[in-house]
2 protein chains.
Amino acid sequence: MKTQKKRSDCPVSFSLEAFGDKWSLLIVRDLMLKKKCTYGELAKSDEKIATNILAARLLSLEENGIIKKLEHPDSKAKVLYQLTQKGMDLIPIIVEINLWAEKYTDIPEKRKELLAQMNADKEGFIKNAFKELESNL
Amino acid sequence: MKTQKKRSDCPVSFSLEAFGDKWSLLIVRDLMLKKKCTYGELAKSDEKIATNILAARLLSLEENGIIKKLEHPDSKAKVLYQLTQKGMDLIPIIVEINLWAEKYTDIPEKRKELLAQMNADKEGFIKNAFKELESNL
DNA sequence: ATATTTACTTGCAAAAAGCAAGTTATTTTA
DNA sequence: TAAAATAACTTGCTTTTTGCAAGTAAATAT
């Protein structure tokens with residue numbers, strides 16, 4: 001686990017040091033909501049992350065204990081990326097970010113069902129997401 | 001309000017474009033939890049943000065409709081920075097970020113009372129924070 | 001055996017962050 | 001009321017990070 005000089009002892013600052021950039025939470029989103037789990041799949045995100053940046057962010061997320069690398073069951077050429085418990089605990093944050101965005105921008109069709117679930121039963125959505133992710137552990 | 005080329009139509013990406021960096025949410029935190037409201041007060045944060053970066057982030061937050069500048073009642077030399085409704089709607093995200101951090105790092109004494117409130121009654125804490133901030137609008 | 005896939009790495013240019021010092025418009029103080 | 005201090009930035013410059021395009025090595029498919 002990475003040890004960096006903390007900017008302050010504020011919990012918000014601590015969190016932002018782990019995932020406060022333009023890419024980390026998108027990777028977490030893909031692992032969480034989009035069931036992507038390999039480098040190649042993550043590289044194909046709509047936001048078109050550069051491969052060197054993806055590699056750097058994956059390393060940083062791993063050093064921060066948010067994701068872990070595993071052997072892929074299908075092939076030795078592949079790597080399986082998974083959220084750790086610490087990573088799964090980001091679900092409530094991702095949910096709130098989605099709900100905030102919903103208030104201030106148009107949500108694409110393909111995402112509306114998920115948003116509807118979050119709105120209808122936030123706690124239930126979070127519990128269910130946990131359950132699904134934990135089945136992979 | 002700023003219009004930038006969106007990286008994608010994902011709501012998480014939209015949100016990160018507005019506040020997905022190492023500083024924006026710290027400024028929001030100060031406006032929200034620490035009752036700071038002037039440039040000088042914001043500049044004195046524990047994280048020691050450089051003044052040019054602070055100016056840049058304040059402009060960006062303003063362009064994104066998250067904060068607004070007002071005349072300071074005490075002096076024409078001062079500027080009053082305030083969260084907009086859109087900015088106040090970030091409270092649930094800040095709360096979840098605090099709760100996540102609490103699980104994975106030590107919380108400083110001065111912050112424990114706030115965390116205790118968030119844990120005891122998350123909804124109540126958020127409602128109360130809204131109420132306090134709205135009294136300034 | 002050769003081509004393809006997968007997960008990266010490398011080199012370089014462009015953008016952003018960070019530091020120190022400077023500027024302008026108020027206010028306060030002597 | 002002139003000088004000093006405060007407040008909110010800005011400027012110039014260096015360092016770090018991002019981003020693009022291309023390249024590499026191991027494993028797999030053809």
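Just so it is clear: chains get the letters A, B, ... in the order the sequence lines come, proteins before strands, and each one is counted from 1. Keep in mind that the numbers below use all heavy atoms, side chains included, and drop hydrogens, waters and symmetry copies.
Contact annotation: A:S75 side-chain N/O to D:dT28 OP1/OP2 distance is under 4.0 Å. Listed pair A:W23 / D:dG19 meets the phosphate criterion, a side-chain N or O lying under 4.0 Å from OP1 or OP2. Taking side-chain N and O atoms only, A:Y81 has a distance below 4.0 Å to OP1 or OP2 of C:dC8. Taking 4.0 angstrom as the limit, B:R57 places a side-chain polar atom (N or O) nearer than this to OP1 or OP2 of C:dA17.
One atom, CG of B:L42, and another, C1' of D:dA8, lie 11 Å apart when rounded to the nearest Å. Atom pair A:E71:CD and D:dA26:P shows a separation of 17 Å (rounding to whole Å applied). Taking atom CG of B:L59 as the reference point, atom C1' of C:dA16 lies 15 Å away to the nearest angstrom. Taking atom CD1 of residue A:I67 and atom P of nucleotide C:dA7, one finds them 13 Å apart after rounding to whole Å. Regarding A:K22, its NZ atom lies at a distance of 13 Å from the C1' atom of C:dA17, rounded to whole Å. The distance between atom CG of A:L26 and atom P of D:dG19, rounded to the nearest whole Å, is 11 Å. A:I53 places its CD1 atom 16 Å from the P atom of D:dT16, with the value rounded to the nearest Å. Rounded to an integer number of Å, the gap from CG of B:D21 to P of C:dA15 is 18 Å.
The 12-atom threshold is not exceeded at CG of B:D106, counting heavy atoms of other residues, nucleotides or ligands nearer than 6.0 Å. Other residues, nucleotides and ligands contribute more than 12 heavy atoms inside 6.0 Å of the NZ atom of B:K34.
B:N128 places no side-chain N or O within 3.5 Å of a backbone atom of B:G124 that could act as its donor or acceptor partner.
Of the two residues near DNA chain D, A:A77 and B:K78, the one whose nearest nucleotide lies more 5' is B:K78. The nearest heavy atom of DNA chain D to B:H72 and to A:K48 marks one nucleotide each, and the one closer to the 5' end goes with B:H72.
As judged by a 4.0 angstrom heavy-atom cut-off over every strand, A:T51 is placed among the base-contacting residues. Among the atoms of the strands shown, only primed sugar atoms or phosphate atoms (P, OP1, OP2) are found under 4.0 Å from some heavy atom of B:K69.
Taking only side-chain atoms of A:V79, from C-beta outward, the nucleotide of C:dC8, D:dC9, D:dA27 with the closest atom is C:dC8. Nearest to the side chain of A:Y39, among C:dC8, C:dT27, C:dC19, sits C:dC8. Comparing atom distances between the B:N52 side chain and each of C:dT9, C:dA17, C:dC19 picks out C:dC19 as nearest.
By the 4.0 Å N-to-carboxylate-O rule, B:K35 lies too far from B:E41 to be salt-bridged with it.
When all heavy atoms are compared, the tightest approach of A:I67 to A:Y81 is CD1-CD2, 3.9 Å.
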